[in-house]
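So that the names make sense, note that chain A is the first sequence line, chain B the second, and so on, each numbered from 1.
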There are 2 protein chains.
Amino acid sequence: MARGTLREAPRSDKNGNAELLQAAAECFMEQGFHATSIDDVARRLGATKGRVYHYYRSKTDLFFDVHREGMRRNFEAVRPVVRGPDKGGVRLRAMFLRHALSMMENLAFETVVVQGVHMHRLAATTPEQRRVLNELMTIRNDFEALFKSVAYEGVEDGSIKAPDVSIAIKAALGALNWICIWYRPRTGETEDDRLILAEKIVDTIMHGLAAEAE
Amino acid sequence: MARGTLREAPRSDKNGNAELLQAAAECFMEQGFHATSIDDVARRLGATKGRVYHYYRSKTDLFFDVHREGMRRNFEAVRPVVRGPDKGGVRLRAMFLRHALSMMENLAFETVVVQGVHMHRLAATTPEQRRVLNELMTIRNDFEALFKSVAYEGVEDGSIKAPDVSIAIKAALGALNWICIWYRPRTGETEDDRLILAEKIVDTIMHGLAAEAE
DNA sequence: GTCTATATACTGATAGAC
DNA sequence: GTCTATCAGTATATAGAC
């Protein structure tokens, strides 16, 4: 594994072999990182190992790139609604909604991101791989911080309340990330169906389960 | 894997080698099912493979038994508060609280349960193993159904409201199960610390993030 | 760029000593 | 009941043909 000589930049071109990333994401989603062999990924591509190893030096590097792409999509989904004239509570709700939709529409990539969070403290990585993993975790933390900062703005302007904002965000993101455990697209499902589902989830997060009456 | 001859009952004694289960749970939590070798489990026990294989016929069987024990603890934790004179909302809150505490106190086992849910549709199991896995999923569904039924009672008595009770429960359990991703016991942590943390999470679930004022 | 070997290593599971 | 070999299968990664 760890060699004396350290090669330079990974083979992966920035352009990105989108097809390869997608195939890998699907395999990792269905079988998990360790149970997925490079042959599995290649087979799904209708190719052989050679093609995969031409772009990625190792299975771990491939996994990391899928993870990175998943996080890129996460940011892309919520970024447009982070800032704006609305109160913090309104913007936070919009962010939750977009994240929920992103979970459903990028199910394979999102599942890999969740797995990646799980692998955080995993051993068996080279120093270089650990560096990349730490970088990915920083990105993940920044993502969570984005929600937190908007939530705090909501507390300031009176549109958000919580016993502990940091914990509340963890709970809310937990509810959303959990989507990738139970959600599976039904045949013939429309974008509207997903929106309705996302609204129900986000409403629950925003208003809770307790009836106001008490 | 699949043999012509089918052996009878698994070697595992019902008494349960608690020490073995605990060691396995910890390994599975830290490295996941596939990355954990039987040698890892044995090493943690200060023993060798022989001991493990004396009790379990395969790594999968061992994993399933850890999973089963995790679910047993889940039921044990919430069962005392499912029924009672209180309104549905009050009982549901108590169930959430106990589940949250159970997540923290049985972190290793709970993490395995979460992994097990993930493995649901995984291939590469013998017919017998698939039978056991289905049984475990049924148990898991029953657990979720327990929360749902109390939530419906709450809707009836006016103490619970949600746009969709089934979805709301999935969201709430997602927030709670997600605990095993980010929670790690701090040194010197007391039971009270955990209770405070659990209360914050459950309050968020019950009352949401939106300020009532609107 | 992609394929076909192939080296190398690991690990799940078994057999049999003690 | 636990340990020490050991086998067999599989998977990562490489080398080199095309």
Side-chain angles (χ1 to χ4, degrees), chain A residues 1-8 10-21 23-24 27-28 30-66 119 122-126 128-129, chain B residues 1-21 23-24 27-28 30-66 119 122-126 128-129 132:
Chain A
M1 315 288 171
R3 311 270 164 53
T5 62
L6 217 62
R7 301 192 196 163
E8 19 268 274
R11 284 177 201 149
S12 149
D13 306 341
K14 280 292 178 289
N15 73 0
N17 198 326
E19 205 184 358
L20 207 171
L21 278 184
C27 289
F28 289 142
E30 290 172 11
Q31 319 196 49
F33 174 74
H34 283 99
T36 297
S37 72
I38 297 285
D39 281 320
D40 290 335
V41 177
R43 199 174 308 122
R44 184 166 296 234
L45 273 169
T48 64
K49 277 199 254 256
R51 176 151 167 211
V52 177
Y53 277 107
H54 178 74
Y55 291 99
Y56 292 94
R57 205 195 305 168
S58 74
K59 187 169 81 161
T60 306
D61 288 321
L62 173 58
F63 182 84
F64 285 164
D65 223 30
V66 175
M119 284 171 72
L122 243 69
T125 45
T126 68
E128 167 63 10
Q129 287 173 349
Chain B
M1 314 285 175
R3 311 270 163 54
T5 63
L6 218 61
R7 302 190 195 163
E8 20 268 275
R11 285 178 199 146
S12 148
D13 304 342
K14 279 292 180 288
N15 74 359
N17 198 327
E19 206 183 356
L20 207 171
L21 276 185
C27 288
F28 289 142
E30 290 172 12
Q31 318 196 50
F33 173 74
H34 282 99
T36 297
S37 72
I38 298 285
D39 281 320
D40 289 335
V41 176
R43 201 175 305 123
R44 185 167 294 236
L45 273 169
T48 63
K49 277 202 255 256
R51 177 152 165 212
V52 177
Y53 277 108
H54 178 74
Y55 290 99
Y56 292 95
R57 204 196 303 169
S58 73
K59 187 169 82 160
T60 305
D61 288 322
L62 173 57
F63 182 84
F64 285 164
D65 223 30
V66 174
M119 284 171 72
L122 244 69
T125 44
T126 68
E128 168 63 10
Q129 287 173 348
V132 175

- Query: Does the side chain of B:H54 get closer than 4.0 angstrom to OP1 or OP2 of D:dG1 through an N or O atom?
  - Reply: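 True: B:H54 side-chain N/O within range (under 4.0 Å) of D:dG1 OP1/OP2.
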- Message: Strictly below 4.0 Å: does B:Y53 bring a side-chain N or O up to OP1 or OP2 of D:dT2?
- Response: no
Candidate nucleotides [options], ranked by approach to the side chain of [X] - the nearest:
X     : options               : result
B:A47 : D:dT12, D:dG1, D:dC3  : D:dC3
A:I38 : D:dT2, D:dT12, C:dT14 : D:dT12
B:K49 : D:dA11, C:dA5, C:dA13 : C:dA13
B:S37 : D:dC3, C:dG12, D:dA13 : C:dG12
B:Y55 : C:dA13, D:dT2, D:dA13 : D:dT2
B:T48 : C:dT14, D:dT12, D:dC3 : D:dC3

- For A:G50 and for A:F33, locate the closest nucleotide of DNA chain D by heavy-atom distance; then report the residue assigned to the nucleotide nearer the 5' terminus.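 Closest to the 5' end, via its nearest nucleotide, is A:F33.
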- Item | B:H34 NE2 to C:dC10 P, straight-line distance once rounded to whole Å | 18 Å
- Whole angstrom is fine here: how far is it from CG in B:D39 over to P in C:dC10?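 Answer to the nearest Å: 11 Å.
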- Item | Student check: side-chain heavy atoms of B:Y55 and B:D65 closer than 4.5 Å | no
- Is it true that B:E128 and B:R57 make a salt bridge, defined as a side-chain N closer than 4.0 Å to a carboxylate O?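 No.
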- Task: Would you give the length of the straight line joining atom OG1 of A:T36 to atom CZ of A:F63, rounded to the nearest 0.5 angstrom?
- Result: 9.0 Å
